[in-house]
Amino acid sequence: MYSRACFRGSPVAASLMLLTCTLYSSSVARASTLFGVENEAILAASAVTSTGQTLIIGDLGIWPGLNAAITGFPPGTVQGTVNAGDSVAQQAQASAFGAYTTLAGLAFTTDLTGQDLGGKILTPGVYHFDSSAQLTGLLTLDAQGNNNALFVFQIGSTLTTASASNVQVINGTSSTELYWQVGSSATLGTTTNFAGNILASASITLNTGANILCGRAIALTAAVTLDNNTVSNNCSESNGGSGRTDFGSYGFSGEAIPTPEPATFSLMGASLLGVAFLASRRKRSQTSKVGS
(Lines give C-alpha, C1' and ligand atoms only; values in the text may rest on other atoms or scores of the structure.)
Protein backbone atom coordinates (compact mmCIF):
# COMPACT_ATOMS: atom_id res chain seq x y z
CA MET A 1 0.00 0.00 0.00
CA TYR A 2 1.32 3.43 -0.91
CA SER A 3 1.55 6.12 1.73
CA ARG A 4 -0.47 9.32 1.44
CA ALA A 5 2.79 11.19 0.88
CA CYS A 6 3.06 9.49 -2.49
CA PHE A 7 0.25 11.63 -3.94
CA ARG A 8 0.94 15.18 -2.77
CA GLY A 9 1.41 18.12 -5.13
CA SER A 10 0.35 18.88 -8.72
CA PRO A 11 -0.97 16.21 -11.13
CA VAL A 12 2.45 16.01 -12.79
CA ALA A 13 4.18 15.71 -9.44
CA ALA A 14 1.63 13.12 -8.38
CA SER A 15 2.35 11.05 -11.49
CA LEU A 16 6.06 11.27 -10.87
CA MET A 17 5.56 10.28 -7.25
CA LEU A 18 3.34 7.39 -8.32
CA LEU A 19 6.12 6.15 -10.60
CA THR A 20 8.67 6.54 -7.81
CA CYS A 21 6.45 4.71 -5.34
CA THR A 22 5.80 1.96 -7.87
CA LEU A 23 9.53 1.46 -8.34
CA TYR A 24 10.19 1.57 -4.61
CA SER A 25 7.37 -0.78 -3.66
CA SER A 26 8.29 -3.31 -6.31
CA SER A 27 12.03 -3.61 -6.09
CA VAL A 28 13.63 -2.23 -2.97
CA ALA A 29 14.85 -4.76 -0.40
CA ARG A 30 12.91 -4.82 2.85
CA ALA A 31 15.03 -4.68 6.02
CA SER A 32 15.31 -8.16 7.47
CA THR A 33 14.61 -8.84 11.12
CA LEU A 34 16.93 -11.83 10.80
CA PHE A 35 19.63 -10.07 8.78
CA GLY A 36 22.79 -12.11 9.33
CA VAL A 37 20.82 -15.23 10.29
CA GLU A 38 19.02 -15.92 7.00
CA ASN A 39 21.15 -18.93 6.08
CA GLU A 40 20.74 -20.70 9.42
CA ALA A 41 18.06 -23.34 9.91
CA ILE A 42 19.45 -24.36 13.31
CA LEU A 43 21.43 -22.06 15.57
CA ALA A 44 22.42 -22.94 19.15
CA ALA A 45 24.79 -21.76 21.86
CA SER A 46 25.90 -24.84 23.79
CA ALA A 47 25.03 -27.95 21.76
CA VAL A 48 23.06 -29.42 18.87
CA THR A 49 22.05 -33.03 19.48
CA SER A 50 20.16 -35.22 17.02
CA THR A 51 18.73 -38.72 17.15
CA GLY A 52 17.82 -40.64 13.99
CA GLN A 53 17.28 -39.35 10.46
CA THR A 54 16.96 -35.64 11.11
CA LEU A 55 17.06 -33.47 7.98
CA ILE A 56 18.28 -29.88 8.15
CA ILE A 57 17.70 -27.78 5.03
CA GLY A 58 19.86 -24.72 5.57
CA ASP A 59 22.97 -24.07 7.65
CA LEU A 60 23.64 -25.37 11.15
CA GLY A 61 25.49 -23.03 13.47
CA ILE A 62 26.74 -23.15 17.04
CA TRP A 63 28.51 -20.49 19.09
CA PRO A 64 30.31 -20.41 21.47
CA GLY A 65 30.12 -24.23 21.35
CA LEU A 66 32.60 -26.13 19.21
CA ASN A 67 32.20 -28.85 16.58
CA ALA A 68 32.40 -31.52 19.30
CA ALA A 69 29.12 -30.16 20.69
CA ILE A 70 27.29 -31.17 17.48
CA THR A 71 26.26 -34.83 17.58
CA GLY A 72 24.04 -37.07 15.46
CA PHE A 73 25.19 -35.95 11.99
CA PRO A 74 25.36 -38.58 10.55
CA PRO A 75 22.94 -40.31 10.57
CA GLY A 76 21.24 -36.91 10.41
CA THR A 77 21.80 -34.80 7.28
CA VAL A 78 22.62 -31.13 6.87
CA GLN A 79 21.88 -29.71 3.43
CA GLY A 80 23.96 -26.64 4.08
CA THR A 81 27.09 -25.52 5.89
CA VAL A 82 28.04 -26.43 9.46
CA ASN A 83 29.47 -23.38 11.25
CA ALA A 84 30.87 -24.53 14.59
CA GLY A 85 32.43 -21.99 16.94
CA ASP A 86 33.58 -19.79 14.07
CA SER A 87 33.10 -16.12 13.20
CA VAL A 88 30.07 -16.90 11.01
CA ALA A 89 28.24 -18.55 13.89
CA GLN A 90 29.34 -15.82 16.28
CA GLN A 91 27.92 -13.12 14.00
CA ALA A 92 24.71 -15.11 13.53
CA GLN A 93 24.24 -15.36 17.30
CA ALA A 94 24.85 -11.63 17.70
CA SER A 95 22.31 -10.88 14.98
CA ALA A 96 19.81 -13.33 16.48
CA PHE A 97 20.13 -11.65 19.88
CA GLY A 98 19.45 -8.30 18.23
CA ALA A 99 16.38 -9.73 16.48
CA TYR A 100 15.14 -11.22 19.77
CA THR A 101 15.47 -7.85 21.50
CA THR A 102 13.67 -6.08 18.66
CA LEU A 103 10.78 -8.54 18.66
CA ALA A 104 10.42 -8.41 22.44
CA GLY A 105 10.23 -4.62 22.32
CA LEU A 106 7.38 -4.37 19.82
CA ALA A 107 4.08 -2.97 21.06
CA PHE A 108 1.60 -5.82 21.01
CA THR A 109 -1.79 -5.60 19.34
CA THR A 110 -3.52 -8.49 21.14
CA ASP A 111 -3.06 -10.04 24.61
CA LEU A 112 -3.62 -13.82 24.50
CA THR A 113 -2.39 -14.52 28.04
CA GLY A 114 -4.01 -17.68 29.40
CA GLN A 115 -5.49 -18.76 26.06
CA ASP A 116 -4.63 -21.88 24.06
CA LEU A 117 -3.66 -21.10 20.47
CA GLY A 118 -5.42 -24.22 19.21
CA GLY A 119 -8.52 -23.55 17.12
CA LYS A 120 -7.72 -19.88 16.55
CA ILE A 121 -7.65 -18.06 13.20
CA LEU A 122 -5.39 -15.02 13.49
CA THR A 123 -4.54 -12.20 11.08
CA PRO A 124 -1.23 -10.27 11.03
CA GLY A 125 -0.33 -8.67 14.35
CA VAL A 126 1.78 -8.85 17.48
CA TYR A 127 0.38 -11.35 20.01
CA HIS A 128 1.47 -11.34 23.65
CA PHE A 129 1.58 -13.91 26.45
CA ASP A 130 2.62 -12.78 29.93
CA SER A 131 4.03 -16.22 30.70
CA SER A 132 3.65 -19.54 28.87
CA ALA A 133 1.92 -20.28 25.57
CA GLN A 134 0.31 -23.59 24.62
CA LEU A 135 -0.78 -24.93 21.24
CA THR A 136 -3.16 -27.90 21.19
CA GLY A 137 -4.48 -28.73 17.73
CA LEU A 138 -4.55 -26.38 14.74
CA LEU A 139 -3.54 -22.71 14.66
CA THR A 140 -4.37 -20.92 11.40
CA LEU A 141 -2.54 -17.73 10.49
CA ASP A 142 -4.23 -15.85 7.63
CA ALA A 143 -1.80 -13.45 5.94
CA GLN A 144 -4.67 -12.16 3.77
CA GLY A 145 -2.42 -11.87 0.72
CA ASN A 146 -0.63 -8.91 2.29
CA ASN A 147 2.96 -8.55 1.06
CA ASN A 148 3.86 -6.97 4.40
CA ALA A 149 2.12 -9.56 6.59
CA LEU A 150 3.91 -9.85 9.93
CA PHE A 151 3.06 -12.25 12.76
CA VAL A 152 4.94 -11.94 16.05
CA PHE A 153 4.25 -14.01 19.17
CA GLN A 154 5.83 -12.59 22.34
CA ILE A 155 5.93 -15.35 24.96
CA GLY A 156 7.09 -14.53 28.48
CA SER A 157 8.34 -17.98 29.42
CA THR A 158 7.76 -21.30 27.61
CA LEU A 159 6.22 -22.35 24.31
CA THR A 160 4.79 -25.89 24.24
CA THR A 161 2.82 -27.77 21.61
CA ALA A 162 0.79 -30.92 22.15
CA SER A 163 1.41 -33.98 19.98
CA ALA A 164 0.15 -33.69 16.39
CA SER A 165 -0.42 -29.94 16.64
CA ASN A 166 -0.15 -27.83 13.52
CA VAL A 167 0.59 -24.22 12.55
CA GLN A 168 -0.97 -23.50 9.16
CA VAL A 169 -0.22 -20.27 7.31
CA ILE A 170 -2.68 -19.42 4.52
CA ASN A 171 -2.86 -16.69 1.88
CA GLY A 172 0.82 -15.92 2.42
CA THR A 173 3.38 -14.51 0.02
CA SER A 174 7.13 -14.97 -0.31
CA SER A 175 7.67 -12.10 2.14
CA THR A 176 5.30 -13.23 4.91
CA GLU A 177 7.13 -13.06 8.24
CA LEU A 178 6.44 -15.17 11.34
CA TYR A 179 8.40 -15.01 14.61
CA TRP A 180 8.08 -16.73 17.99
CA GLN A 181 10.02 -14.80 20.65
CA VAL A 182 10.22 -17.16 23.63
CA GLY A 183 11.36 -15.96 27.07
CA SER A 184 12.87 -19.31 28.11
CA SER A 185 12.47 -22.62 26.23
CA ALA A 186 10.35 -24.06 23.42
CA THR A 187 9.22 -27.69 23.16
CA LEU A 188 7.42 -29.08 20.11
CA GLY A 189 5.41 -32.22 20.82
CA THR A 190 5.68 -35.39 18.75
CA THR A 191 4.62 -35.09 15.08
CA THR A 192 3.89 -31.38 15.43
CA ASN A 193 4.05 -29.53 12.11
CA PHE A 194 5.25 -26.06 13.03
CA ALA A 195 6.01 -22.92 11.02
CA GLY A 196 8.02 -19.77 11.61
CA ASN A 197 11.20 -18.66 13.31
CA ILE A 198 11.56 -19.69 16.96
CA LEU A 199 13.96 -17.45 18.88
CA ALA A 200 14.25 -18.85 22.41
CA SER A 201 16.40 -17.25 25.06
CA ALA A 202 17.36 -20.71 26.37
CA SER A 203 16.75 -24.05 24.61
CA ILE A 204 14.59 -25.62 21.89
CA THR A 205 13.50 -29.26 21.83
CA LEU A 206 11.79 -31.00 18.92
CA ASN A 207 10.32 -34.29 20.05
CA THR A 208 10.07 -37.33 17.76
CA GLY A 209 8.78 -36.46 14.31
CA ALA A 210 8.12 -32.79 14.99
CA ASN A 211 8.92 -30.56 12.02
CA ILE A 212 9.51 -26.89 11.32
CA LEU A 213 8.51 -26.90 7.67
CA CYS A 214 9.24 -23.26 6.98
CA GLY A 215 11.35 -21.41 9.54
CA ARG A 216 14.21 -21.81 12.00
CA ALA A 217 15.11 -23.01 15.49
CA ILE A 218 17.37 -20.46 17.22
CA ALA A 219 18.49 -21.01 20.82
CA LEU A 220 20.39 -18.03 22.21
CA THR A 221 22.03 -19.47 25.36
CA ALA A 222 21.52 -23.25 25.40
CA ALA A 223 20.96 -26.27 23.16
CA VAL A 224 18.77 -27.42 20.29
CA THR A 225 17.72 -31.07 20.70
CA LEU A 226 16.36 -33.01 17.72
CA ASP A 227 14.78 -36.43 17.14
CA ASN A 228 13.94 -37.53 13.58
CA ASN A 229 12.84 -34.05 12.52
CA THR A 230 12.83 -31.88 9.43
CA VAL A 231 13.81 -28.24 9.86
CA SER A 232 13.84 -26.15 6.68
CA ASN A 233 14.44 -22.44 6.13
CA ASN A 234 13.60 -22.92 2.44
CA CYS A 235 9.84 -23.02 2.25
CA SER A 236 9.65 -23.95 -1.42
CA GLU A 237 12.17 -26.79 -1.29
CA SER A 238 10.94 -28.83 1.65
CA ASN A 239 7.41 -28.27 2.96
CA GLY A 240 7.97 -31.58 4.74
CA GLY A 241 5.56 -33.35 2.39
CA SER A 242 2.76 -31.09 3.60
CA GLY A 243 1.76 -29.93 0.12
CA ARG A 244 1.71 -26.30 1.24
CA THR A 245 2.93 -24.15 -1.63
CA ASP A 246 1.79 -20.64 -0.70
CA PHE A 247 5.31 -19.44 0.11
CA GLY A 248 8.35 -18.74 -2.00
CA SER A 249 11.86 -19.73 -1.01
CA TYR A 250 12.23 -16.58 1.09
CA GLY A 251 9.18 -17.20 3.26
CA PHE A 252 9.58 -16.02 6.86
CA SER A 253 13.06 -14.67 6.13
CA GLY A 254 12.46 -11.00 5.41
CA GLU A 255 14.64 -11.25 2.32
CA ALA A 256 14.48 -8.91 -0.66
CA ILE A 257 11.16 -8.36 -2.33
CA PRO A 258 11.43 -9.69 -5.91
CA THR A 259 12.44 -7.29 -8.66
CA PRO A 260 9.66 -6.01 -10.94
CA GLU A 261 8.02 -8.48 -13.30
CA PRO A 262 7.09 -7.61 -16.91
CA ALA A 263 3.64 -6.40 -15.83
CA THR A 264 5.31 -3.93 -13.48
CA PHE A 265 7.44 -2.58 -16.29
CA SER A 266 4.24 -2.09 -18.33
CA LEU A 267 2.82 -0.07 -15.44
CA MET A 268 6.03 1.95 -15.32
CA GLY A 269 5.73 2.66 -19.04
CA ALA A 270 2.12 3.74 -18.64
CA SER A 271 3.12 6.02 -15.76
CA LEU A 272 5.83 7.63 -17.91
CA LEU A 273 3.34 8.22 -20.72
CA GLY A 274 0.93 9.70 -18.21
CA VAL A 275 3.61 12.05 -16.93
CA ALA A 276 4.45 13.19 -20.48
CA PHE A 277 0.77 13.70 -21.33
CA LEU A 278 0.02 15.73 -18.21
CA ALA A 279 3.15 17.80 -18.64
CA SER A 280 2.25 18.57 -22.29
CA ARG A 281 -1.34 19.42 -21.39
CA ARG A 282 -0.27 21.75 -18.59
CA LYS A 283 2.23 23.51 -20.88
CA ARG A 284 -0.47 24.11 -23.56
CA SER A 285 -2.80 25.48 -20.91
CA GLN A 286 -0.19 27.89 -19.63
CA THR A 287 0.65 29.04 -23.20
CA SER A 288 -3.03 29.64 -23.93
CA LYS A 289 -3.39 31.81 -20.82
CA VAL A 290 -0.36 33.91 -21.76
CA GLY A 291 -1.73 34.42 -25.33
CA SER A 292 -5.06 35.63 -24.07
Side-chain angles (χ1 to χ4, degrees), residues 29-50 56-70 78 80-108 125-133 150-160 175-188 194-206 212 214-226 229 231-234 250-256:
R30 184 171 58 180
S32 171
T33 303
L34 290 180
F35 180 78
V37 198
E38 297 99 323
N39 293 332
E40 308 296 331
I42 299 289
L43 181 62
S46 61
V48 177
T49 303
S50 173
I56 307 301
I57 300 177
D59 291 354
L60 187 160
I62 183 170
W63 192 90
L66 300 175
N67 192 61
I70 300 174
V78 179
T81 302
V82 175
N83 300 302
D86 59 14
S87 60
V88 174
Q90 181 181 13
Q91 180 57 54
Q93 275 288 14
S95 298
F97 180 81
Y100 179 94
T101 303
T102 297
L103 295 168
L106 294 176
F108 62 84
V126 179
Y127 298 91
H128 177 81
F129 293 83
D130 284 344
S131 55
S132 61
L150 171 66
F151 297 89
V152 176
F153 292 86
Q154 300 169 330
I155 301 167
S157 57
T158 59
L159 167 65
T160 307
S175 54
T176 297
E177 295 188 74
L178 171 54
Y179 304 98
W180 304 83
Q181 177 261 317
V182 182
S184 58
S185 297
T187 302
L188 304 187
F194 204 74
N197 301 288
I198 302 175
L199 291 89
S201 68
S203 63
I204 299 175
T205 299
L206 276 66
I212 301 177
C214 180
R216 298 165 180 80
I218 300 170
L220 297 178
T221 61
V224 174
T225 303
L226 305 163
N229 314 116
V231 179
S232 174
N233 66 9
N234 186 331
Y250 295 136
F252 304 154
S253 71
E255 283 275 5

Do the non-hydrogen side-chain atoms of [X] and [Y] ever get within less than 4.5 Å of each other?
X	Y	result
Glu38	Asn233	no
Leu150	Tyr179	yes
Leu178	Phe153	yes
Leu34	Arg216	yes

If you take all heavy atoms of [X] and [Y], which pair is closest and at what distance?
X	Y	result
Val37	Ala96	CG2-N, 3.7 Å
Leu220	Ser201	CB-O, 3.8 Å
Ala99	Leu199	CB-CD2, 4.0 Å
Ala222	Ala219	O-CB, 3.9 Å
Ala202	Ser185	CB-OG, 3.5 Å

Value rounded to 0.5 Å, distance of [atom1] in [X] from [atom2] in [Y]:
X	Y	atom1	atom2	value
Ile42	Ile57	CD1	CD1	11.5 Å
Ile204	Leu188	CD1	CG	8.0 Å
Thr187	Leu206	OG1	CG	9.0 Å
Gln154	Phe129	CD	CZ	10.5 Å
Leu226	Thr49	CG	OG1	8.0 Å
Glu40	Asn197	CD	CG	12.0 Å

Side-chain donor or acceptor of Asp59 paired with backbone N/O of Thr81 under 3.5 Å: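 Yes, the answer is positive, given that a donor and an acceptor are paired below the 3.5 Å cut-off.
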N/O donor-acceptor pair under 3.5 Å between Ser157 side chain and Ser132 backbone: yes
Plane angle bin for Phe194 and Trp180 - parallel if under 30°, tilted between 30 and 60°, otherwise perpendicular: tilted
Residues Ser95, Gln91; criterion side chain to side chain donor-acceptor pair (under 3.5 Å); working and verdict: CA-CA 6 Å; Ser95 298; Gln91 180 57 54; 3.1 Å; yes
